[in-house]
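Quick notes on the structure that follows.
The sequence lines fix the lettering, A, B, ..., with proteins before strands; numbering per chain opens at 1. Basis for what follows: all heavy atoms, side chains included, without hydrogens, waters or symmetry-related copies.
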There are 2 protein chains.
Amino acid sequence: MSGADLWSLYRSFLAVMREGSLSRAAALLDLSQPTLGRHVEALEQALGGALLFTRHPRGLMPTENAHAILPHIEAMDAAADAALRAASAPASSLSGVVRIAASEVVGAEVLPGILAPLREAHPGLVFELALSSRAADLLRRDCDIAVRMVRPTQGSLVAVKAGTVKVALYAHRLYAARHGLPRTPDDLGAHALIGFDRADPFLARAAGALKLDRAMFALRVDNDLAALAALRAGFGIGACQQPIAARDADLLPVLPRVVAFDMEIWIVMHGALKRVARMAAVFDHLARQMRAYARGHSPERAG
Amino acid sequence: MSGADLWSLYRSFLAVMREGSLSRAAALLDLSQPTLGRHVEALEQALGGALLFTRHPRGLMPTENAHAILPHIEAMDAAADAALRAASAPASSLSGVVRIAASEVVGAEVLPGILAPLREAHPGLVFELALSSRAADLLRRDCDIAVRMVRPTQGSLVAVKAGTVKVALYAHRLYAARHGLPRTPDDLGAHALIGFDRADPFLARAAGALKLDRAMFALRVDNDLAALAALRAGFGIGACQQPIAARDADLLPVLPRVVAFDMEIWIVMHGALKRVARMAAVFDHLARQMRAYARGHSPERAG
DNA sequence: AGTCTGATATCCATATATGAATGTCAGGCG
DNA sequence: CGCCTGACATTCATATATGGATATCAGACT
């Protein structure tokens, strides 16, 4: 193997880390098990003889050294995927793949209506949505464009603020008919509150301001979409972005002006991607339409 | 070449982009020119037949498609380098390579005194300093640990605030003896001001607050170290971090309490690097010693 | 205890990528 | 005008990585 190309060895290493065995890694890469074994061996030698795996009858156990380089190799993988997306169509054409990261709620409730007309205008466009409750990793190139709720500070990122969206409390008309609505924040304790199991920056702020704690929530979900569904189903009182709630006449504001938080919306991408026509086009479109969304225009009517 | 490993083709592509010709790229990678030619050809085919270079009698001219994927491949390269650093010594040992990004001033005036004792204690440590006036790219893994002046927002980064440092105006005693010192901000216009040619966030703020513009600077340098040297040489009045100026009894404060800005100091690294013993050790050491620096303790006496 | 399973190591014929030498081409320069 | 230079393309013998078959091993299960 001599001084064989380290990069391809990294790729094999990553496959072995993910699959846990040479055989499965071989199947993943469409290579053979002996080849993967040789790659791992060669990599260990190229890295100064460091042991990467302890050979086990049930597979290969990664050592601490393997864990140390893994995040970097994963970053390489994400960048390689990004390169594939960038090369999915000529850079100057308005077609090809664009991967967008956003929160689950934005991805499910807002983006479809925004992206559909763009797709109609440019049928060659292919969208990938990376929806995650936690901020997706633009820095690792896991996506091309991100819809964020905090201003990015990294210098090489291009960011546009699309406006601010109010997050407030709502309840379905049916729930209000059965239980009434609170008149003061202190009344909230007597109601069925839809909360969040995980630490959400906004909800945490809200909970702190209202002196709520987890025990007071009648429904705790680690999924914003499920919480939204529960709100619409009349389960109780929950938080919702104002423009989304405004679409549904059956959702009534709860304690408006008392409980409301401003959430910034930012569209972010790597500055270098401006050279790729479709990336720039999608970025501009997102910035424009998210701005309309923030102003309260329903995305279905936009574009 | 068939479905050969894309990752090694990327590496060849990067070399060709950097060198501008197959022959020089071959020399760089210790391969032959025909091999590089085949790699480029194979990559073009693997990427759906996209043209990456126009063959020119003086070399290969990258197409727009090549420019589109280049930043991603560079990110792969940075990650590969980071992996090499991570593998430069066993993960559990306090030896091996650590790459630190910082501003030129911090790298030249502060870090040496902080790193020296750590190196004495652990002779196996090897430091790489990436000093750059613009924020170095932690997100691209161009370094392992960064000393920053803004709080990072990316979730996967570990950040510790080491305190705040005052940036204020100073002048050398000799300059003061010859020209006196201003008593009010308006007096500044009559003095030799050492300014900065580029856009510096802090200096921009300072200039705005003092109603200075570029034309008023008697010396414009795009290099903080040269500006510091000019200040020490008695050229005129310039900005300097207070703990650095305090070391030199000949540097006199100018308009203290009138012109001063607080600069935050953050130590940042990727969270995953905490697993690597030397990374965690250097991170903790930097956080501790930079905190001492921010409190005014000279790093030479620290540690 | 015996057997079965799923894993890694070993071996050798083969497919494949590689490199040295050579051919080809376009522009610079005397 | 013609040589020289530095580039890419082509060719073919060689070195090298690959894959299939096989051996081996440790634990799970009956």
### Task
In whole angstrom, give the distance that lies between atom CD of B:E19 and atom C1' of D:dG6.
15 Å

### B:R58 side chain near C:dG28 phosphate (N/O to OP1/OP2, under 4.0 Å)
no

#### Entry: Interatomic distance where CG belongs to A:L31 and C1' belongs to C:dA15 [whole Å]
14 Å

### Salt bridge flag under 4.0 Å for residues B:R18 and B:D77
yes

### Task
Using a cut-off of 6.0 Å, state whether more than 12 heavy atoms not belonging to A:E128 lie near its atom CD.
yes

### Query
Is the side chain of B:S88 donor-acceptor paired with the backbone N or O of B:V97 at a distance under 3.5 Å, no angle test?
yes

### Query
Rounded to whole angstroms, how far apart are NE2 on B:H56 and C1' on C:dG28?
15 Å

### Task
Would you please test B:V282 and B:F127 for side chain to side chain contact (heavy atoms under 4.5 Å, CB included) and show each step?
CA-CA 10 Å; B:V282 174; B:F127 296 109; 4.0 Å; yes

### Query
When we call it a touch if two heavy atoms are under 4.0 Å apart, what does A:S23 touch: a base, just sugar-phosphate, or nothing?
base

### Task
Whole angstrom is fine here: how far is it from CZ in A:R55 over to P in C:dT10?
11 Å

## Note on the structure
Per atom distances to the B:P34 side chain, the nearest of D:dG19, C:dG19, C:dT8 is C:dG19

### Query
Between A:T35 and D:dA17, is there a side-chain N or O to OP1/OP2 distance below 4.0 Å?
no

### Query
Taking CD from B:Q33 and P from D:dG6, how many angstroms apart are they, rounded to a whole number?
15 Å

## Note on the structure
A:V105 and A:L225 have their tightest heavy-atom pair at CA-CD2, 4.0 Å

### Task
Give the rounded distance in Å between these two atoms: CG of A:D5 and C1' of D:dA15.
17 Å

### Sugar-phosphate, base or nothing in reach of A:G37, heavy atoms under 4.0 Å
nothing

#### Entry: B:H39 NE2 to D:dC8 C1', straight-line distance once rounded to whole Å
16 Å

#### Entry: Distance-only donor-acceptor test, A:R38 side-chain atoms vs D:dG19 base atoms, 3.5 Å
yes

### Task
Take atom CE of A:M61 and atom P of D:dA26, then tell me their distance rounded to the nearest Å.
18 Å

### Message
I want to verify a distance call: between C:dA7, D:dA7, D:dG19, whose nearest atom is closest to the A:S21 side chain?
### Response
C:dA7

